[in-house]
Visitor: 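Sharing a structure below in C-alpha cells format, with a few things to ask.
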Protein chains: 2
Amino acid sequence: MFERKIPKDLDCGMAMIMEIIGGKWKPCLIRNISQGHRRPSELQRLNAKASRRVLYQQLQELEEHGIIERIVYPVLPPKVEYFLTELGNSLLPVINVMDDWGTQYLKNPHKRPLLKLGA
Amino acid sequence: MFERKIPKDLDCGMAMIMEIIGGKWKPCLIRNISQGHRRPSELQRLNAKASRRVLYQQLQELEEHGIIERIVYPVLPPKVEYFLTELGNSLLPVINVMDDWGTQYLKNPHKRPLLKLGA
DNA sequence: CCGTATCCCAAAAGATACTG
DNA sequence: CAGTATCTTTTGGGATACGG
C-alpha cells in the first residue's frame with residue numbers, strides 16, 4: 001500500500017529501531033497508548049496537529065511491527081481500541097532514555113565551538 | 001545553507017534527539033568517530049554507500065549540534081580530522097541502548113498478529 | 001466513528017561536476 | 001584532499017473528500 005522504490009536495508013539494529021520509531025508521531029502515539037487503551041478519535045484529539053492520514057498510517061506501521069494491537073468492537077457506530085503489546089512495552093525504556101537525553105540537551109543549549117587548528 | 005520553509009518544533013526531548021541523530025548516516029558517523037579521530041576520506045570509505053554531499057552535510061549538522069568537532073591542519077594537501085566531543089560521548093550509551101533493542105528485534109522477526117475482536 | 005484514496009508540497013538524500 | 005554547488009529522485013507528511 002505504501003510501496004517504496006528503493007528497499008530499505010535494515011541490516012543493523014539501529015536502522016531497525018529507527019524504522020520502527022522514526023515516524024514523526026510514532027513516539028507520541030506509543031506514549032499515548034502506553035497510558036491505557038486508546039481510541040482513534042482520542043489519538044486524533046491528543047495529536048491535533050497531525051493529519052488524519054499520517055496518524056492512521058503510523059498506527060498501521062506500529063501494528064505491523066508488533067508494537068501495538070487493535071481491538072475491533074463489532075458495534076455501530078464502530079468502536080476500536082489500541083493497546084501496547086509486550087514488545088511495545090519493552091520499547092518504553094528506550095524511548096525514555098532518548099527523551100531524557102534530549103531534554104537534558106534542551107536545557108543546555110549548545111554553542112557552536114570555534115574552529116580548532118591543528119599543529 | 002539548508003533552509004527549511006517550515007520551522008521544526010523541537011519542543012520535547014524526543015524531537016530534539018531525533019533532530020540530532022535522525023539523519024540516515026549520523027549514527028554510523030558517530031560510531032566511526034567514537035573509535036578515534038577520523039578523516040573525511042576515511043569516513044567516505046567506511047560509508048561507501050553514502051553520497052559525498054550527504055556525508056558532509058550530516059557531519060556539518062553533527063558539528064553544529066556540538067556532537068563532533070573538527071581539526072584543520074594547515075597543510076597541503078589539506079588534512080582534517082573529526083573527533084567526538086564530551087557531549088558526543090554522552091550520546092554513545094543512548095545509541096547503544098537503541099541498537100541493542102533493534103538487534104534483539106531483528107533476531108525475533110515479528111509476525112503480524114491476527115485481528116482481535118472485542119466483545 | 002473508522003478508515004482509505006487522491007492530490008500536493010517540502011524535505012531528505014543521491015549523482016556529479018567543480019574549486020582551492 | 002576537503003568541501004561546495006547544482007540538479008534530480010524518492011519519500012514523508014499535510015489537506016481533504018469520500019465510503020462503510
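Remember, it's a predicted structure, so these values are computed and weren't measured experimentally. Order of the sequence lines sets the chain letters (A, B, ...), proteins ahead of strands, with each chain counted from 1.
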Visitor: Not counting sequence neighbours, which residues clear side chain to side chain contact (heavy atoms under 4.5 Å, CB included) with Lys79(A)? List them please.
Guide: Arg39(A), Tyr73(A), Val75(A), Glu81(A)

Visitor: To the nearest Å, how far apart are Glu81(A) CD and dG3(C) P?
Guide: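 The answer, rounded to whole Å, is 12 Å.
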
Visitor: Hey, does the side chain of Tyr82(B) come within less than 4.0 Å of dG3(D)'s phosphate (OP1/OP2), counting only N and O?
Guide: yes

Visitor: Would you call Leu87(B) and Asn108(A) a side-chain contact if the rule is heavy atoms closer than 4.5 Å?
Guide: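 Not touching, per the 4.5 Å side-chain cut-off.
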
Visitor: What closest approach, in Å, do Ala15(B) and Asp9(B) show between heavy atoms, and which atom pair accounts for it?
Guide: CB-O, 3.9 Å

Visitor: Roughly how bent is the helix from dC1(C)-dG20(D) to dG20(C)-dC1(D) end to end, in steps of 10 degrees, with each end axis from five pairs?
Guide: 30°

Visitor: With sequence neighbours excluded, what pairs up with Lys5(A) under the side chain to side chain contact (heavy atoms under 4.5 Å, CB included) test?
Guide: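 With neighbours one apart ignored, the set is empty.
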
Visitor: When the nearest nucleotide of DNA chain D is assigned to Ala50(A) and to Pro78(A) on a heavy-atom basis, which residue is associated with the more 5' position?
Guide: Ala50(A)

Visitor: Rounding to an integer number of Å, can you tell me how far Leu55(B) CG sits from dT16(C) P?
Guide: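 Nearest whole value for this atom pair: 16 Å.
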
Visitor: State, to 0.1 Å, how close Asn32(A) and Leu43(A) come at their nearest heavy-atom pair, and which atoms those are.
Guide: CB-CD2, 3.6 Å

Visitor: What are the two closest non-hydrogen atoms of Leu84(B) and Asn89(B), and how far apart are they?
Guide: CD1-N, 4.0 Å

Visitor: How close or far is atom C1' of dG14(D) from atom CD of Gln44(A), stated in whole angstroms?
Guide: 14 Å

Visitor: Within the side chain of Tyr82(A), is there an N or O that forms a donor-acceptor pair under 3.5 Å with the backbone of Leu29(A)?
Guide: no

Visitor: For the residue pair Gly22(B) and Lys26(B), what are the closest heavy atoms and their distance?
Guide: N-CD, 4.5 Å

Visitor: Going 5' to 3' through nucleotides 8-13 of chain C, assign each nucleotide B (protein heavy atom under 4.0 Å from a base atom), S (under 4.0 Å only from sugar-phosphate atoms) or - (no protein heavy atom that close).
Guide: --SSSB

Visitor: Can you measure Gln60(A) atom CD to dA5(C) atom P for me and round it to whole angstrom units?
Guide: 9 Å

Visitor: Can you check the Asn47(A) CG to dA15(D) C1' distance for me, whole Å?
Guide: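 So the CG-C1' distance, Asn47(A) to dA15(D), works out to 17 Å.
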
Visitor: If I take atom CD from residue Gln35(B) and atom CD from residue Glu42(B), how far apart are they, to the nearest 0.5 angstrom?
Guide: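 Gln35(B) CD to Glu42(B) CD: 11.0 Å, rounded to 0.5 Å.
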
Visitor: What side-chain donor-acceptor pairs closer than 3.5 Å can you find for residues 91-103 of chain B, not counting sequence neighbours?
Guide:
residue   : atom : partner  : partner atom : Å
Asn96(B)  : OD1  : Arg31(B) : NH2          : 2.7
Asn96(B)  : ND2  : Leu92(B) : O            : 3.3
Asp99(B)  : OD1  : Gly13(A) : N            : 3.3
Asp99(B)  : OD1  : Met14(A) : N            : 2.8
Asp99(B)  : OD2  : Arg31(B) : NH1          : 3.1
Asp99(B)  : OD2  : Arg31(B) : NH2          : 3.3
Trp101(B) : NE1  : Ser90(A) : O            : 3.4
Trp101(B) : NE1  : Ser90(A) : OG           : 3.0
Thr103(B) : OG1  : Asp99(B) : O            : 2.7

Visitor: Rounded to whole Å, please give me the gap between CG in Leu62(B) and P in dG3(D).
Guide: 14 Å

Visitor: Between residues 27-43 of chain B and DNA chain D, which residues have a heavy-atom gap below 4.0 Å?
Guide: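 Close to the strand are Arg39(B), Pro40(B), Ser41(B).
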
Visitor: To the nearest Å, give me how far apart OH (Tyr56(A)) and P (dA15(D)) are.
Guide: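 The distance from OH of Tyr56(A) to P of dA15(D) comes to 16 Å, rounded to the nearest Å.
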
Visitor: Spell out yes or no: do the side chain of Arg52(A) and the base of dG3(C) have one donor N/O and one acceptor N/O closer than 3.5 Å?
Guide: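 When only heavy-atom distances are counted, Arg52(A) does reach the base of dG3(C) through a donor-acceptor pair under 3.5 Å.
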
Visitor: Can you measure Lys79(B) atom NZ to dA2(D) atom P for me and round it to whole angstrom units?
Guide: 10 Å

Visitor: On the 0 to 90° scale, with breaks at 30° and 60°, tag the His37(A)-Phe83(A) ring pair as parallel, tilted or perpendicular.
Guide: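 It falls in the parallel class, under 30°.
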
